[in-house]
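Structure first, commentary second.
Below, read A as the first sequence line, B as the second, and so on, with proteins coming before strands; counting in each chain starts at 1.
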Number of protein chains: 2
Amino acid sequence: MKIGELAELGGVSTKTIRYYESIDLLREPARTTSGYRNYGDDAVERLRFIRDAQASGLTLAEIASVLELKEAGERSCAHTSSLLDRHLAQLDEQIALLKKSRTVLADLAMRSKALDPASCTDPNRCQVISAAEPLPNL
Amino acid sequence: MKIGELAELGGVSTKTIRYYESIDLLREPARTTSGYRNYGDDAVERLRFIRDAQASGLTLAEIASVLELKEAGERSCAHTSSLLDRHLAQLDEQIALLKKSRTVLADLAMRSKALDPASCTDPNRCQVISAAEPLPNL
DNA sequence: AGCAACCCTCTAGCTGGCTAGAATGTTTTG
DNA sequence: CAAAACATTCTAGCCAGCTAGAGGGTTGCT
């Protein structure tokens, strides 16, 4: 199958496929005599795996490492599992941070509505924002 | 005050200050005869305002627009207020998305531990990941 | 006079995940 | 047999927010 068909089946663009190849996420496929990439059916599987793994929050680099391990004959799911665990922890952290931000931001928004605009005179300061606690880094 | 001192007081690097100037977030300061940037005390306020606003989740572009309005003599906090409201909505959306992702990811992680590794043989697929629902885009 | 610590401008690169376009070659369809 | 639809490689750019380095000049102290 040619790159266009693979792109169609995998739900990505041909450019994306070539890009994936360039970062060694997809192996170089066979070529036709005229130089066109010629994929087998397994390429669709692999592409979909990438898409699903990406949707699970793994970066392309991480996906590459999973695929590499699998290609090397690694039978265990431990690597994938630990990646997932790590992402779960990150996700929790992120959610906590966002919630904290939300609290502060909601506070700011309320304050901005209660303030007297006429008292807002300093061009380098904003009462709404300056008066608030700084948020944790996102 | 010279750039190094301002950087120190503002908690950023001198490179960052020059960068902010390059994107018109900071105005061009006066210069000494030898060409050094020479800041007044208000620069510290402005830099801190930028930092605080950034911590509130505003992008540098948005901060620039707030500062621009203030410089133009805008007395009302309406702009800032609406920016904050918009960010609040975005934040809520983001949190909801992350929570959804978290649920799916936790499910995946559990599944990966319950699976029999020996049955994981297809180098292009991973039972853990392929079996799951795709997550919403992050 | 020498040296460190500061400052200047300018260009280029980083992160991640692509996307766009130029210039060219091939395959398929009518 | 011509046109369209596909394919190729290559270079360059996007987003945001910086950071690094080259190759200089200035300031302040001894």
Under 4.0 Å between any heavy atoms, over every strand shown, what does [X] touch: base, sugar-phosphate, or nothing? Just pick one.
{"X": "B/I3", "answer": "sugar-phosphate"}
{"X": "A/E62", "answer": "nothing"}
{"X": "A/R37", "answer": "sugar-phosphate"}
{"X": "A/T32", "answer": "nothing"}

Nearest whole Å is fine: how far is [N] [atom2] from [X] [atom1]?
{"X": "B/L25", "N": "D/dG17", "atom1": "CG", "atom2": "C1'", "result": "11 Å"}
{"X": "A/R18", "N": "D/dA7", "atom1": "CZ", "atom2": "P", "result": "7 Å"}
{"X": "A/Y19", "N": "C/dT15", "atom1": "OH", "atom2": "C1'", "result": "10 Å"}
{"X": "B/D24", "N": "D/dG17", "atom1": "CG", "atom2": "P", "result": "15 Å"}
{"X": "A/I50", "N": "C/dG17", "atom1": "CD1", "atom2": "C1'", "result": "13 Å"}
{"X": "B/N38", "N": "C/dC6", "atom1": "CG", "atom2": "P", "result": "17 Å"}
{"X": "B/Q54", "N": "D/dG17", "atom1": "CD", "atom2": "P", "result": "6 Å"}
{"X": "B/M1", "N": "C/dC6", "atom1": "CE", "atom2": "P", "result": "16 Å"}

Which heavy atom of A/G40 sits nearest to which heavy atom of A/M1, and what is that distance?
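Where A/G40 meets A/M1 most closely, the heavy atoms are O-CE, 3.8 Å.
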
Counting distance only, does the side-chain N/O of [X] pair as donor-acceptor with the main-chain N or O of [Y] below 3.5 Å?
{"X": "A/N38", "Y": "A/A30", "result": "no"}
{"X": "A/R27", "Y": "A/E21", "result": "no"}
{"X": "A/R48", "Y": "A/L9", "result": "yes"}
{"X": "B/R46", "Y": "B/L25", "result": "yes"}

For the side chain of [X], counting heavy atoms from C-beta on, which of [options] is nearest?
{"X": "B/T59", "options": "C/dC7, C/dC18, D/dG17", "result": "D/dG17"}
{"X": "B/T16", "options": "C/dC8, C/dT19, D/dC18", "result": "D/dC18"}
{"X": "B/L60", "options": "C/dG17, D/dT26, D/dG17", "result": "D/dG17"}

Atom CD in A/E62, atom OG1 in A/T59: separation rounded to 0.5 Å?
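The distance works out to 3.5 Å.
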
Output the distance between atom CD1 (A/I95) and atom CZ (B/R102), rounded to the nearest 0.5 Å.
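Going from CD1 on A/I95 over to CZ on B/R102, the span is 6.5 Å.
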
Can you tell me whether the side chain of B/Y36 and the base of D/dG25 have a donor-acceptor pair closer than 3.5 Å?
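Side chain to base: pair present.
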
Less than 3.5 Å between a donor and an acceptor, one on the side chain of A/K15 and one on the base of C/dG21, is that the case here?
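Answer is yes: a donor-acceptor pair is held.
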
Closer to the 5' end of DNA chain C via nearest nucleotide, is it B/E21 or A/Y20?
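It is B/E21, whose closest nucleotide lies nearer the 5' terminus.
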
Is the distance from OP1 or OP2 of C/dG25 to the nearest side-chain N or O of A/S34 less than 4.0 Å?
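Answer no for this pair, as no side-chain N or O of A/S34 is under 4.0 Å from OP1 or OP2.
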
Would you say B/R31 reaches C/dT9's phosphate, i.e. side-chain N/O to OP1/OP2 under 4.0 Å?
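True: B/R31 side-chain N/O within range (under 4.0 Å) of C/dT9 OP1/OP2.
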
Please figure out whether B/S13 or B/K2 has its closest DNA chain D nucleotide nearer the 5' end.
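Result of the comparison: B/S13.
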
Intra- and inter-strand pairing of DNA chain D, written as dot-bracket with Watson-Crick and G-U pairs under 3.5 Å and | for the latter, reads ||||||||||||||||||||||||||||||

What residue among A/T16, A/L47, A/L67 forms side chain to side chain contact (heavy atoms under 4.5 Å, CB included) with A/L26?
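It is A/L47; the other options fail the test.
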
